[in-house]
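For ligands, and for the atoms within them, numbers begin at 1 and follow the listed sequence. For the numbers below, each heavy atom of this structure counts, side chains included, while hydrogens, waters and symmetry mates do not.
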Amino acid sequence: MSGPVNFESNAECSSMLALVSTITECVMTLSSSSSNSQSSSGEFLMRTPLYTPGNSDSRQATLTDARVRLREACDELLYLANGPHEHLMTIAQAHRIEAALQYATHFNLAHHVPLGQDGSSSISFGDLASKSSVQTEQCTRIMRLLISCHIFWEPTAGCVAHTAASRLLCDVQIGSAVSYYTDESFRAASFLSEACEQWPITEERNHTALNLAFRTSLPKFEFFATEPWRARRFMQGMAGMAASERFSLEHLVDGFDWASLPRGATVIDIGGANGHASMAVAEKFPQLQFVVQDLKSAFNERELHDHLKSRVRFMEYDFYSPQPVTASVYILRWILHDYPDKYAVKILRSQLNSMQPYSRLLIMDGIMLSPGKTGKVEQRKARFANEEKGTRHSHDDTFELLGEEPRALVEFISAGKPTT
Ligand SMILES: C[S@@+](CC[C@H](N)C(=O)[O-])C[C@H]1O[C@@H](n2cnc3c(N)ncnc32)[C@H](O)[C@@H]1O
């Protein structure tokens, strides 16, 4: 729905009724798979399930479809219910919620709220503030904004408890992802227009909003290397993002015929961070060996699971230099979207010298679908492009290069081969 909305008009009321009917239908589908129908509002928030990967049967597909349609219909309905002015003003002030979440993660508030299973365990604002070394009145105000967004709740006046969403902040990996978004990503996003003004046309990795926000001339990951805690947090955050549908490791584990590789075959995970993607494949395919390559600042050997250490190892490697290892499969997972064409080509070219006729290059990344191919909620999620770049380079530009067809990718790689 676009253009001005007249809430009073019959047409708008009909649209809203149609959406309500879609919502009812989707909720009926979802509730048919649920055993608890009597939850109170607070309990409901506690019990809302996380996306659970691993179940790709047709029943699961029906439920996933119902959830996607439900989200789209609710989004549209909320837009109509708000009307244009309220809608615009709400979006214009969304940064206030982001800032409140930043406060909660910065001061580790979630960790001081009791993790009772039934959601009834709570802590007073005063005790929470004192344990977190913040001021009570300020903490109460900021927490109540998050509570209005279903992040924490107030079961009795003056006391805070967890919701299903706020509990996730206690997970070190998911909490790290939220900290990264509300810190580096949030700060950089506010410099988007200035970066576009300063570098209207550029293919440089250090001409980005992040460079302005952090007053650095270093590209993002080189900047992170100068403040290793940021690098560590980002790498943990990447593992935390894998708990979502979009980033799920299931796509990598199920999306390639790993069983067809010969015993002892080597898989290289280029820019593999803490090795979480390699470990997920290694768990299921014991005949394979993995090399996780990344910058030194990204490694944390402690993240490797003990029982996989004989098959998964780390190796320092800069992906702009020639690839030193010959392998059956080279993975580039969530790498290329970060770079303008010039650098994406460099990364791909660097791999070519070690590839053999039997080698495969596996790219897992976000590909932009044309507007209209999915609903607005799905489009929005896909278009959360890296604003810290602040340049004309977006997912669209990068993946125009590859197209939506695998054939285009093969042609692209061939075109990138040295012509000696
Ligand atoms: C968006 S993260 C993706 C991490 C991982 N592949 C995943 O799927 O979670 C990008 C990764 O590229 C790594 N990286 C950045 N520059 C690099 C370089 N020049 N050489 C090797 N790795 C690099 C970062 O350290 C980071 O781990």
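Ring geometry for Trp258 against Phe285 counts as tilted: the plane angle lies between 30° and 60°, on a 0 to 90° scale. Aromatic ring orientation, Tyr180 versus Phe224: perpendicular (interplanar angle above 60°, classes split at 30° and 60°).
Between Arg71 and Asp75 no salt bridge is recorded (no basic side-chain N to carboxylate O distance below 4.0 Å). Ion pairing between a basic and an acidic side chain is recognised when a charged N comes within 4.0 Å of a carboxylate O; Glu378 and Lys381 show such pairing. Ion pair Lys309/Glu301 not flagged as a salt bridge, since none of the NZ, NE, NH1 or NH2 atoms sits closer than 4.0 Å to an Asp/Glu carboxylate oxygen.
For Asn108, the side chain to side chain contact (heavy atoms under 4.5 Å, CB included) test picks out His111, with sequence neighbours left out.
Using a heavy-atom distance under 4.0 Å as the criterion, the protein contacts of ligand 1 are Phe221, Phe234, Met235, Met238, Gly271, Gly272, Ala273, His276, Asp294, Leu295, Ala298, Tyr317, Asp318, Phe319, Tyr320, Arg333, Trp334, Ile335, Asp338, Tyr339.
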